[in-house]
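Just below is one structure, and these are the notes that go with it.
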Amino acid sequence: MLVKTKDKLCKELNKIRVKGETVGLVPTMGALHQGHLSLVKRAVADNKVVVVSIFVNPTQFNDKSDLSRYPRNLNADLKLLEDSGCSIVFAPDTNEIYPEPDIRTFDFGDLDKVMEGKHRKGHFNGVAQIVSILFELIKPDRAYFGLKDFQQLVIIKKLVKMLNLQTEIVPCPIIREPDGLAMSSRNELLSDEERKNAPFIYEILQEANNQTGKKSVKELINWVINKINSNTYLTVDYFEIVNDKNLQPVTSWEDDCKKVACIAVFCGKIRLIDNYFLN
Ligand code: PAF
């Protein structure tokens, strides 16, 4: 069922709640692909009712041209969700979500001072605005987020704690194309040549994982940046190896934490992100 207003959404959810049924939420910005469908599949397995939200949230875009070129195709999204087992697609317009400008600011400490937060000012504040609005409206028992947006996942877990919410955050694995490129709505914006070269990012992340014993953290970081920049279609925006809990840069392989290699790369004008848990 397609729902466009908060009123209708709350009415439908009230009917579900009186029956004591569990609700899972998959928040998306549309342009759905198999990565999103894997979240929906997991949500359907865990919950009686699944809501998929489709909303290109303007407050999380620091770059106006990125917002205007972001792919939108509600009909194709609905078609893809037809047999997915999701019960409600919530696809509001901007005025429905932000009848007044959202002036809230969230303090995530150091979590949003690095990587995406540093390179896309205000991005995570916007993500927190929309996610908190959706959580407040839907009150999901569980919400599903892909590990591709690793920093987002860590920040949303923090948000849930800060707001004392009951929603369980369920991390889901990165889904890749057969050539290794992490699935992303932005992939459809790549030209043929860019698309052919984009899998190089994952190739190098895998190679980096094999080099942890042979190079220092700093040497490995430089090696990855130089390798990727040597491909004329790719330019590294940042590459960091961070502690999976506090997202602070790891300085030595001896640091007592799981280490995640996180990368953002411009492929032409399109900015792609990926990450790899090093072992
Ligand atoms: O990951 C995304 O697609 C978005 O950041 C989210 C969580 C749907 C919020 O707009």
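Order of listing sets the numbers, starting from 1, for every ligand and every atom in it. Keep in mind it's a predicted model, so treat the numbers as computed, not measured.
- In terms of polar-atom proximity, Gln60 is counted as a contact of ligand 1, with an N or O under 3.5 Å from an N or O of the ligand.
- Residues Phe277 and Asp244 form a side-chain contact, since some pair of their non-hydrogen atoms from C-beta on lies under 4.5 Å apart.
- Counting atoms of ligand 1 from 1 in the listed order, those under 4.0 Å from a heavy atom of Ile130 are 9 (C), 10 (O).
- Taking atom 3 (O) of ligand 1 as the reference point, the nearest protein heavy-atom neighbour is Met29 CG, 3.7 Å.
- Near Pro27, meaning under 4.0 Å from any of its heavy atoms, are these atoms of ligand 1: 8 (C).
- In terms of polar-atom proximity, Gln152 is counted as a contact of ligand 1, with an N or O under 3.5 Å from an N or O of the ligand.
- The aromatic rings of His36 and His33 are tilted relative to each other, their planes meeting at an angle between 30° and 60°.
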Worked check of side-chain contact (heavy atoms from CB on, under 4.5 Å) between Asp66 and Arg120: CA-CA 11 Å; Asp66 189 24; Arg120 300 178 70 193; 3.6 Å; yes
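- With hydrogens and angles left out, the side-chain atoms of Asp255 and Asn243 include no donor and acceptor closer than 3.5 Å.
- Judged purely by atom type and a 3.5 angstrom limit, Gln151 uses its side chain to pair as donor or acceptor with the backbone of Leu111.
- Only the backbone of Thr28 comes within contact range of ligand 1, with a heavy atom under 4.0 Å; no side-chain atom does.
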